[in-house]
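Working notes, beginning with the structure itself.
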Amino acid sequence: MSEGRDYLGSEAQRAVLRRGRAVYELVKDDPRCTYYGRGVGVCTFADADDALMSSLLTLQGTTTIAKVTADEHATVTAQMNAQGVSVTRYDRWIGSDDALARANEIISETKLPKGLTLHEISPDTTPETLEAFQQLAASCGVMIPNLALLRNDLRPGTCFVAMTETGEAVSCGAGAAFAHHGHPTMGREAWWGMLATAEAWRGHRLALFLGAHAIVSLRARLPGCTIMTGVQPGNAPSEAVCSKLGLAPDGAQVATIVDPAALPGGKLTS
């Protein structure tokens, strides 16, 4: 697949993804920085010095602080809002061996509904499947990370899509390397998420099943990693899926910073 097909989504989303990949090549050896296929961010509030954050936001149109306290999040929000930049709060949920054990249990206990098959994104994934995946993501307000990660090419990563017999993508789940391995407190963290299901297929536990497959695959490619995801406060369905998969809140938050001029709406995902 050519690099041009590494980026799915709207024109604005693809532009952000391309800039994120370019910035990653510049900072990939910096232990402060994170990257899971969208934009480059930093691990903690202590890593977020003004010059670095300003550069990341200017170059990409977005950046993230992966772990902040409530007070730190409020500080970042006030600073960014004063510049006309939006900040979205996500609560951090994490899991480790318990999440892997629960994911394996769910896979053994669950079957896909009749007519659906499970597809893992790979170099052999057809353009038609990628187009169906893109349509699913758009319908659910999800921004697909750089496919080079989801294919396990650029960094360890994985992505599963449930497909109908007619080639429609109806649910997905993914994960990828995230923090730099040299970071002193977060070096073992990997991102997991992008659990989305088409409205007509909700209620079949598809997000739970695909999320479980993503955890098992990710832990196989990054043995011993801590699984981390962000959940917007009050998103009860996502919280329920996380709980069933053995993840729990760690008491910290994620600050996702987006310049609305780069991404209309000021969010990476809904």
Side-chain angles (χ1 to χ4, degrees), residues 28 31-38 40-47 64-70 72-73 89-110 118 120-121 145 149-150 152 154-160 171-196 205-233 235-256 269:
K28 61 186 178 183
R32 298 173 297 174
C33 292
T34 65
Y35 181 66
Y36 65 100
R38 288 176 178 155
V40 171
V42 298
C43 286
T44 68
F45 188 74
D47 298 316
T64 298
I65 309 176
K67 188 173 185 178
V68 294
T69 65
E72 289 167 349
H73 195 285
R89 167 192 163 185
Y90 297 89
D91 293 333
R92 281 171 49 93
W93 287 61
I94 64 171
S96 188
D97 292 345
D98 288 348
L100 178 62
R102 186 63 190 127
N104 277 311
E105 289 174 6
I106 288 169
I107 290 170
S108 67
E109 298 167 355
T110 308
L118 192 65
E120 185 172 14
I121 298 297
L149 274 82
L150 302 190
N152 195 43
L154 180 63
R155 302 186 78 187
T158 188
C159 180
F160 289 88
S171 189
C172 60
F178 176 61
H180 189 284
H181 61 82
H183 193 273
T185 61
M186 292 173 57
R188 297 178 67 82
E189 283 198 2
W191 166 81
W192 167 84
M194 208 175 70
L195 305 183
R205 292 165 51 97
L206 293 177
L208 187 67
F209 186 63
L210 271 68
H213 272 281
I215 286 175
V216 171
S217 178
L218 190 56
R219 283 288 297 242
R221 290 169 178 171
L222 286 167
C225 69
T226 298
I227 303 295
M228 186 281 295
T229 195
V231 178
Q232 285 194 266
N235 187 339
S238 291
E239 291 174 351
V241 170
C242 287
S243 294
K244 290 174 183 176
L245 280 165
L247 281 75
D250 74 351
Q253 301 171 3
V254 179
T256 299
T269 61

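Taking the side chain as every heavy atom from C-beta outward, I94 and L247 never approach each other to under 4.5 Å. D91 has its side chain out of reach of P249: every pair of non-hydrogen atoms, C-beta onward, lies at least 4.5 Å apart. When side chains are defined from C-beta on, I215 counts as touching W192, because their heavy atoms get closer than 4.5 Å. With a 4.5 Å cut-off on side-chain heavy atoms, Y35 and K28 do not count as touching. Between M194 and P145 there is a side-chain heavy-atom pair separated by less than 4.5 Å. No side-chain heavy atom of I227 sits less than 4.5 Å from a side-chain heavy atom of W93.
Residue pairs meeting the side chain to side chain donor-acceptor pair (under 3.5 Å) criterion with at least one partner in residues 174-186, sequence neighbours excluded, are D47-H183, H183-T185. The salt bridge (charged side-chain N to carboxylate O under 4.0 Å, His left out) contacts involving residues 92-101 comprise R92-E189, R92-D250, D97-R219, where partners must be two or more places apart or lie in separate chains.
For the atom pair CZ of F45 and NE2 of H73, the computed distance is 11.0 Å after rounding to the nearest 0.5 Å. Atom OG of S243 and atom CG of L208 lie 11.0 Å apart (nearest 0.5 Å). Rounding to the nearest 0.5 Å gives a distance of 12.5 Å between CH2 of W191 and SG of C225. Between atom CD1 of residue I107 and atom CZ of residue F209 there is a gap of 6.5 Å, rounded to the nearest 0.5 Å. A distance of 12.0 Å separates SG of C159 from CG of N152, quoted to the nearest 0.5 Å. Going from atom CZ of F160 over to atom SG of C172 covers 12.0 Å, rounded to the nearest 0.5 Å.
No donor-acceptor pair closer than 3.5 Å links the side chain of R32 to the backbone N or O of G41. The closest donor-acceptor contact from the side chain of T110 to the backbone of I106 lies under 3.5 Å. A distance-only check finds a donor-acceptor pair linking the side chain of S171 to the backbone of A196 [under 3.5 Å]. No donor-acceptor pair closer than 3.5 Å links the side chain of S217 to the backbone N or O of A214.
The nearest pair of heavy atoms linking T34 to C43 is CG2-SG, 3.6 Å. When every heavy atom of L149 is checked against every heavy atom of G37, the shortest pair comes out as CD2-N, 3.7 Å. What you find for A66 and M186 is that their closest heavy atoms are CB-CE, 3.8 Å. Closest approach of A174 to L150, counting heavy atoms only: CB-CD2, 4.1 Å. Heavy-atom minimum distance, V216 versus A103: CG2-CB, 3.9 Å. Nearest approach of V231 to S238, heavy atoms of both residues: CG1-CB, 3.8 Å.
Applying the 6.0 Å contact sphere to CZ of R205 captures no more than 12 heavy atoms from other residues, nucleotides or ligands. By the 6.0 Å contact criterion, CZ on R89 is enclosed, its count of non-hydrogen atoms from other residues, nucleotides or ligands being greater than 12.
T229 pairs by the side-chain hydrogen bond (donor to acceptor under 3.5 Å, both in side chains) definition with nothing, not counting sequence neighbours.
A salt bridge is defined here as a Lys NZ or Arg NE, NH1 or NH2 lying under 4.0 Å from an Asp or Glu carboxylate O, and K244 with E109 fails to meet this definition.
With 3.5 Å as the limit, one finds no donor-acceptor pair spanning the side chains of Q253 and T69.
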- Query: Going through the distances and angles, do V68 and T44 end up as a side-chain contact (heavy atoms from CB on, under 4.5 Å)?
  - Reply: CA-CA 6 Å; V68 294; T44 68; over 6 Å; no

Practice problem: Dump the intermediate steps for side-chain contact (heavy atoms from CB on, under 4.5 Å) on T158 and E120, then the final yes or no. | Solution: CA-CA 7 Å; T158 188; E120 185 172 14; 2.7 Å; yes

